[in-house]
Amino acid sequence: MGNSNAAGLVLQASNVSKRVNLGDQTIHILTDVSLSIEAQQSVAIVGSSGSGKTTLLGLLAGLDSPSSGAIDLLGSSLESLDEDERAALRNGKVGFVFQSFHLLPNLTALENVQLALEVVHRSENITERALSALDKVGLSERGNHLPSQLSGGEQQRVALARAIVIGPSLLFADEPTGNLDHGTRDQVCDLLFSLCNEIGCTLVLVTHDSDLASRCDRIFRLDGGRLVS
Amino acid sequence: MKLFFRDFLRQLRLTEFRLLGVALILVSVAITSVSMFSDRVEQGMQARTSAIFGADALVESTRPVRDEIIELAAQFDLQVAQSVSFVSMLGSPEGSQLVGVRAVTDGYPLRGELLLRDSGNPDSNEIATDIPKPRRVWVASQLAVSLDLGKSESTLGKLSFVPDREIMLEPEGGAGMLRLAPRVMMNMSDLASTGLITPASRARFRLMLAGDSDQIAAFGNSVEPTLKSYESWIIADIRQSDVRGTIGRVVSYLRLAVLLSVVLAVVAMALAAQGLWRRQSNEVALLRCLGKSHASIVTNYLWIYLVSAIPVALIGIIFGYVAQNMAVNVVTQASGIELPGISLTPLLLVFAVSILAMLAVTLPLLLSLKGVSSIEVLRSRQGDVVGRNRVAVLGVVSLIVCVAFILARDAELAGIVVVGLSIAGLLLWSVLKLLIYAAGKIIKPRSSSIYYALKAISANSSRSAWLACAFGTTVFALVLLGVVCADLFAAWERSVPQDAPNVFLINIQEPDVEEIQKKISQLGAQTTPMFPIIRGRIISLNGQGINADELEDKSAQHRVNHEFNLTELADLPVANTITAGRWFSADESGWSVEEDTAKLLGIEIGDLLGVDIGGLKLEANVTSLRAVRWDTMRPNFFVIGSPGLLEGAPRHYITSVQVNKNINLFINDISRSFSNVSAINLDMLLQRFRSLANQASGAVGAVFVFTLGAALLVLVGVLQGQRSVRLREIALYKTLGARKRRIRRNVLCEFALLGGLSGALGGGLAILSGWILADRIFGFIYHPPWHWLVLTIIGTATLVALCGYASLRKLLDVLPIRLLARL
Ligand SMILES: Nc1ncnc2c1ncn2[C@@H]1O[C@H](COP(=O)(O)OP(=O)(O)O)[C@@H](O)[C@H]1O
Ligand SMILES: [Mg+2]
């Protein structure tokens, strides 16, 4: 990947802290988190609920900015960028999978996948590419269905298709199986890992499911906003 | 373009977006139909006024009209005709009689019509297509009975004429212009030969004008500065005509209705936009994650909203056009009056308002996108992201104010509506908050539906307050319209009752009074009292002479310069209300002055007012001021003296009679028996007036439907906005084990309570504002219909409960697991 630096690092955080002020009280959500993630690795961030996993993921993806510390994403230092520039950095290179799917309710499954391509201005063969992505998650037959007509597992598979259709070099997943039952959970997990392997992207996975975490190359454990190893 | 179309179609799948569209359609339908219709009605009324006036405008002079003015009129491409009116004696074989002569040129009357009856055929009414031929005259009915039409000769000055037709109705002959002397109409070419017009004679010369209203106005602007002191410029203006009261009210009402409909529709739009944005913020956060820039997201949405406003407005215009066309058809059929064609100005207004409205409700939300952090998408909190937005509220409020002022063209009306609605909203909100708070404290836990409903209301006090606020404001608008509407009808009923007098008898001499009263009672006809008429002029105020030239105001000058009718009365006439001071007590002496006249001349209670009656000078204190309804077809007076105050002044009497059949027979009889009494037939005028009221009431009814539609839309908007929250709530209840019946009962109860509360507050405020409006804009006395309030409360409680239930019914049937999946 042209964007990774010499050491093959796609993501690097050094001494990242996040604080929020609630009234006269300062809450330390993350304290001095440092980590680096190499290209094509799969990484799990685990920890109990409220330990700061989602916050860390958001910071790593440039969705939010840290109170202190530096983050290097795909070779760019995030603190020098404003929100729009960070968005431009993600454009076409970063995919997301969310716990609650976040499919747009007014778009069909196919259109939800197409949307990702439209946003990154890949306008050629949008329909074919979206269809083939749906095919990869085994839902090519359900392209014309609205999210409300799909089960949770199916919705998450559509979300997965939406994430990989742009061929990202980084995929962030925040508890992708959190809203799913056992059977579908394994199905979605298998798809997640196999698709990531296929397109050769780096996977950053937040979960409190130890089975899922154990399938990753590396595990970072968060406790009370600090990394413990 | 293709991309835009695709995005547009995708948006269209959102209920909230469709709701926004429907609300916008309603805005444009309301504006199109009502503004077109009221414009047309107004223009139609203007034409009617011109018809009564005989022209669109005129230059009146006490000397022959100067050639420069006539040439100027030609330059402005206006139609012209001239008339000269004066009082003279008509000589006939049966003796001579005082008549009002009018000499006219070709083309008279330029507007309206002259209704004639031929000598040969007494039942024929025909519209005059020309003017009297030379050496022929047309005469009023009361002369026609004594003259042998077509045969006998009459003389005017040095010339003899053959009267050949009878004038049934003429312009400038409305009830407000009672003439003493019966009309004789002649050809202007004969005027010089009669020798009646000398520099010393008192005649009124008129240059009558008709044409395009802009041209008339332009001519007026250039001619007015050149006018000499004995010339004046007069425009046929609705506001100065007899029908002014009625038409003014109708037009004001239509404007009020369109104003309220638009306000409600804009509120519905704002609600829909809020709901839309609760969803959109989700989409925005996602797009941000995918790497789309802030600016391009905003532009994208802005395009969709603004561009879709255009076809939506167009649909509204088409519907609006059809609707107003139907209304116009009803009116023309009911009244036989042609309304003028449509003008395109309202269309521009519709587009402007539609786009403005769209901007006002969406732009503040779009701008608040800056606050949507993309991190929100990671937390399941979307929906709360675009919360209450002060800018949005401000945008909508200022738009409503703008629209109000554009549409109302009447700052006072718009002001009352805007201030009224704001106060209504604010008051509703705070009172409800308070009530909800109190209810939460007072109600003891019990397992009744009412308890749960109250609990739900107070637990979501903010949501409930907004909901009730929206309902309440809607109820406010509806009840206000309904109340004003009902009173408008009542006012018309009062102003032209079925038993309105249809014959005026004027110039009755003192000795004939008893004799005539006997004749009337023989006929069994209804009659008003005999009003003494004394001609007089205001000359002094508080001992100081009033000089007309020192007065700024033209109408004030006119009032001082001209003689007018005074009377003395013991009882306050019908259709008069005392606005200051007291009506005369037993042997008090004083004046009662009409309030507009008093304002014009600066007369106040207690002032010493001096009047000149044919050389007899009289002074007395002003003891009361009166408001007069001019459109009642009854004699009305600017100044009334206490009984006996005007003793010794020369006088005659007038009265009005309601004759049910054979009006002409009655008029002939009176004219024959009392040669100097003039009987004026008002039947035709009354009929026209009634058709006007019919026409107006049809329009008013049609407009009410729009407002009702807008109100329903607000209701749907509010309920739609609540769906997702309600969904969660119902799911929760169900998972906790509540049964469907129980949930349904609680929901019904909650909505009924909220509906009843909003009905009570909104309805009460509406009646209060109706009272203010009636007084300030519509000018009639108002009796608050409190029984309406009870009906309103019951009605809104039922309606809101049913609509609320209907919107949530589907949610009740869904299985709890499905509900959870949708969270
Ligand atoms: N904007 C915020 N304001 C206040 N507290 C926050 C905010 N964002 C997150 N938190 C708090 O930070 C802690 C970590 O949150 P999160 O990263 O969502 O945890 P996890 O994803 O591991 O469950 C939680 O206690 C949460 O309440
Ligand atoms: Mg989390």
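A note on names: the letters A, B, ... follow the listed sequences, proteins ahead of strands, and every chain is numbered from 1.
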Please flag which part of A:Leu107 lies under 4.5 Å from any non-hydrogen atom of chain B: side chain, backbone, both or neither.
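For A:Leu107, heavy atoms of backbone and side chain both lie under 4.5 Å from chain B.
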Structural part of A:Arg86 lying under 4.5 Å from a heavy atom of chain B:
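Contact with chain B involves no heavy atom of A:Arg86 at all.
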Pair A:Leu115, B:Leu287 - check side-chain contact (heavy atoms from CB on, under 4.5 Å), show working.
CA-CA 9 Å; A:Leu115 183 75; B:Leu287 291 172; 4.1 Å; yes
Presence of salt bridge, A:Glu111 and B:Arg6, under 4.0 angstrom
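Result for this pair is no, no salt bridge flagged.
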Does [atom1] belonging to [X] count more than 12 external heavy atoms closer than 6.0 Å?
X: A:Arg226; atom1: CZ; answer: no
X: A:His145; atom1: NE2; answer: yes
X: A:Arg142; atom1: CZ; answer: yes

Is the backbone N or O of B:Cys289 less than 3.5 Å from a side-chain atom of A:Arg90, with the two atoms forming a donor-acceptor pair by type?
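It does hold such a pair.
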Would you say the side-chain atoms of A:Asp84 pair up with the backbone N or O of B:Ser293, donor to acceptor, closer than 3.5 Å?
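No; judged by distance alone, with no hydrogens or angles, the pair does not exist.
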Approximate separation, where rounding is to 0.5 Å, of A:Leu104 CG and B:Leu286 CG
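So the gap between those two atoms works out to 5.5 Å.
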Selection from B:Lys292, B:Gln11, B:Arg10, B:Glu283 maximising heavy-atom pairs under 4.5 Å formed with chain A:
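The candidate making the most pairs under 4.5 Å is B:Arg10.
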